[in-house]
Amino acid sequence: MCGIFGCVLKDGQAAPRVLAALKRLEYRGYDSCGEATVHEGRIFVRKDVGEVDAVHARLKLDELPGKIGIGHTRWATHGAPTQDNAHPHTDCTGRIAVAHNGIIENFLELREELKARGHVFKSRTDTEVVPHLIEEFMTKGLDLVKATMEAVKRLKGSFALVIVHADFDGLVCVKMESPLVLGVGRDGMYVASDVPAFLPYTNVIVPLEDGDMAVLRPDGYEVYCFATGKPVRRKPRTVDWTADMAQKEGYPHFMLKEIHEQPRSLRNTLRLDRRYLTMMADLLNTAHEAFMVACGTSYHACVAASYAMARLAKKAVHPVIASEFVENYGDFVGARTTILAVSQSGETADTLAAVEHAKERGATILGITNVLGSKLTRVARVYVCQQSGPEIGVAATKTYTAQLSVLSQLAVLMAERRGKLGHVEAEDLWEHLMAVPDVVEAVMEATEKHIISLAKRYAGTERFAFVGAGVNFATALEGRLKLLEIAYAPSIATPRLDDNIVECLGQTSVAIFVCPTSGDGRESVLSDAMKAADSGMEVVVLAHENDEEAAEVADELVALPFKPDMPEVLTPLPFIIPLQLFAYYVSVERGLNPDKPRNLAKSVTVK
Ligand code: M6R
């Protein structure tokens with residue numbers, strides 16, 4: 001996730017507005033930033049690594065001349081945070097500049113094609129193919145608008161783009177699966193990833209839709225479908241938001257916004273270059289001993305992955321809480337060991353300590369992280385960026401499901417590479433994986449209202465038990481952690497609800513069961529739910545919407561609309577959604593602030 005902005009003013013200087021917008025967009029990414037302006041037939045670019053204030057102190061971003069400007073705050077996805085990789089990116093002539101948010105899946109192939117035609121690349125980003133592609137079409141005689149239309153037809157993936165040209169009195173922007181909204185001001189036209197970027201100047205907005213291309217001039221805008229070139233109507237509307245509300249896109253808390261962002265962040269994980277995941281799969285498969293090390297939520301993702309790797313690839317990859325690793329497993333580590341470290345921030349001290357110990361003893365280090373340029377990416381032999389964008393709510397939500405998705409892909413690849421999956425079974429798993437973002441979206445829609453009513457009903461409950469067996473033991477652990485972190489509710493997570501637990505928790509407790517449609521855990525979960533009901537506990541069961549057996553034992557059935565034949569190893573993805581929502585709404589019902597838990601802070605500075 002990055003922040004992009006552009007403005008075309010009737011009068012005055014664009015650069016100070018671009019700078020101010022970058023400050024307001026910094027919560028979308030802050031490892032580097034930059035600006036480009038157009039003045040008297042030239043493009044001016046300033047960009048560098050660091051937060052906006054630091055870069056401005058060095059480069060004086062507000063001094064660039066001209067009434068047209070674009071800007072970018074970066075959260076690196078392709079290419080580490082460096083000055084060359086910072087946006088905007090330019091073509092060979094330096095007359096086209098582009099800022100981008102999203103992921104261009106086919107950039108490697110386009111880059112090779114453009115290099116073969118003589119284009120020279122200055123960065124390692126996916127974005128840089130865009131100015132070169134536009135340049136290519138312009139050299140064939142097309143104007144900026146038509147060349148952009150042709151260029152974006154060649155792109156696969158997600159992209160919100162703002163584009164300026166030295167000889168064009170305006171700017172061009174394009175939207176496909178990444179957010180982009182226009183602002184209609186009295187003093188000019190604006191475009192940004194999010195409304196707060198231009199809210200001080202206008203509250204009249206035009207949300208663009210996927211497939212739209214807009215041309216902004218000082219006194220108006222036109223929108224086209226870039227596939228057909230035909231004009232489309234997008235009506236302006238007025239929003240009544242404060243800057244704070246706008247940053248949260250109208251949600252009351254970042255946590256709720258991030259829960260709702262999951263379909264989008266999951267789609268990003270499915271765009272990963274599988275070559276790196278395949279390398280990881282091979283290094284895990286051939287290891288003598290293989291471990292996953294992580295903390296907190298990331299550890300729970302490893303627990304789920306360990307089940308998936310064992311079940312699909314028949315390979316034991318042991319999940320270990322990072323702080324436990326060195327003392328207990330450190331002696332077993334050597335040159336034939338592979339360690340997969342999973343860390344959203346890539347900077348968690350215990351995870352890094354485990355990794356460093358293993359590296360010193362000659363182990364192969366792999367990493368999954370959300371922060372390119374983090375320490376983990378510097379020590380790992382192979383790493384993969386989980387593509388979630390910054391997570392501002394302290395309680396991890398979208399980064400957890402992104403880790404689950406990346407790790408599930410890894411488990412399937414491991415199984416394929418070890419020859420443990422038939423062609424049909426592998427196809428089926430990939431098909432279900434690709435459908436996960438839609439399933440998660442449907443689950444959110446189907447369950448949120450019910451969860452709100454459950455949160456009201458149980459907000460005063462003293463104790464909770466989360467029960468999930470097999471791969472969904474991870475779901476129970478993570479559901480419990482969320483409730484504990486933000487609602488401070490004493491709770492346990494267990495694969496089996498034995499008599500001692502039932503007796504200790506007593507009738508004043510709520511037991512929440514995760515009940516998949518198939519798998520070894522189903523029977524035990526259902527029988528434990530019956531036991532809990534008999535003892536007088538309130539029983540909530542998360543199950544498939546047509547699960548009659550589950551409905552029979554439940555006081556409350558949270559009905560999830562996933563395909564009943566979804567392989568059990570993938571079910572932690574839909575099942576965690578209602579539990580994230582439950583923790584959030586219980587916290588709110590208890591009058592707490594879910595974005596600011598008392599005892600937690602993220603490892604990385606967040607805006
Ligand atoms: O950045 P990491 O993934 O290494 O962080 C690990 C934990 O500190 C983290 O998952 C923490 O438990 C979350 N905030 C939980 O919501």
Side-chain angles (χ1 to χ4, degrees), residues 31 75 253-259 261-262 265 269 291-305 319-325 339-356 358 365-380 383-407 466 474-489 491 493 572 576-577 579-584 586-587 592-606:
D31 59 43
W75 183 270
H253 296 99
F254 282 110
M255 182 178 174
L256 191 60
K257 171 177 175 265
E258 284 159 3
I259 290 174
E261 265 169 27
Q262 289 177 110
S265 58
T269 62
F291 297 95
M292 282 178 277
V293 293
C295 296
T297 293
S298 300
Y299 167 73
H300 299 157
C302 295
V303 171
V320 183
I321 296 177
S323 57
E324 300 290 292
F325 187 76
I339 307 280
L340 169 57
V342 180
S343 170
Q344 185 281 132
S345 61
E347 298 286 352
T348 298
D350 286 333
T351 307
L352 293 175
V355 161
E356 267 151 21
I365 309 297
L366 313 176
I368 295 177
T369 181
N370 193 28
V371 184
L372 277 191
S374 62
K375 183 100 191 269
L376 181 56
T377 62
R378 297 197 295 274
V379 293
Y383 63 82
V384 164
C385 176
Q386 62 179 81
Q387 312 280 7
S388 318
E391 190 169 59
I392 298 171
V394 172
T397 53
K398 64 174 180 172
T399 55
Y400 176 64
T401 47
Q403 288 167 345
L404 284 180
S405 169
V406 175
L407 287 162
F466 290 85
T475 311
L477 286 168
E478 178 60 9
R480 170 206 177 245
L481 177 64
K482 290 291 88 93
L483 193 68
L484 201 66
E485 279 182 320
I486 60 170
Y488 318 126
S491 37
I576 195 58
I577 305 298
L579 297 183
Q580 293 171 341
L581 288 167
F582 184 67
Y584 170 80
V586 170
S587 172
L592 303 165
N593 180 350
D595 280 347
K596 295 211 164 79
R598 284 199 292 258
N599 305 317
L600 289 167
K602 272 224 150 68
S603 311
V604 156
T605 320
V606 286

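In listed order, ligands and their atoms are each counted from 1.
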Worksheet item: Are Thr397 and Gln580 close enough that a side-chain donor and a side-chain acceptor fall under 3.5 Å?
Response: no
Item to complete: Provide the number and element of each atom of ligand 1 under 4.0 Å from a heavy atom of Cys295.
Response: 6 (C), 7 (C), 10 (O)
Practice prompt. Would you indicate which of Val342, Thr369, Val394, Asp350 comes nearest to atom 14 (N) of ligand 1 when only heavy atoms are counted?
Written response: Val394
Worksheet item: To the nearest 0.5 Å, how far apart are CG in Asn593 and OG in Ser587?
Response: 7.0 Å
Discussion item. Quick check on contacts: which atoms of ligand 1 are under 4.0 angstrom from a heavy atom of Ala395?
Written reply: 16 (O)
Practice prompt. Please work out whether any backbone atom (N, CA, C, O) or any side-chain heavy atom from C-beta onward of Glu347 is under 4.0 Å from ligand 1, and answer side chain, backbone, both or neither.
Written response: neither
Worksheet item: Do any N/O atoms on Thr351 end up under 3.5 angstrom from N/O atoms on ligand 1?
Response: no
Worksheet, complete the sentence: Taken in chain and number order and not counting sequence neighbours, the residues that satisfy side chain to side chain contact (heavy atoms under 4.5 Å, CB included) with Ala354 are Val293, Phe325
Discussion item. Would you say Gln344 and Asn370 are linked by a side-chain donor-acceptor pair, where the criterion is simply a distance under 3.5 Å?
Written reply: yes
Worksheet entry | Pairing residues for Glu324 by the salt bridge (charged side-chain N to carboxylate O under 4.0 Å, His left out) criterion, not counting sequence neighbours | none
Worksheet entry | Any Lys482 heavy atom less than 4.0 Å to ligand 1 | yes
Worksheet item: Which ligand 1 atoms, with their elements, are less than 4.0 angstrom from a heavy-atom of Ser298?
Response: 2 (P), 3 (O), 10 (O)
Item to complete: Report yes if the side chains of Met255 and Ile486 come closer than 4.5 Å at any heavy-atom pair, otherwise no.
Response: yes
Fill in: Any N or O of Ala396 closer than 3.5 Å to N or O of ligand 1
yes
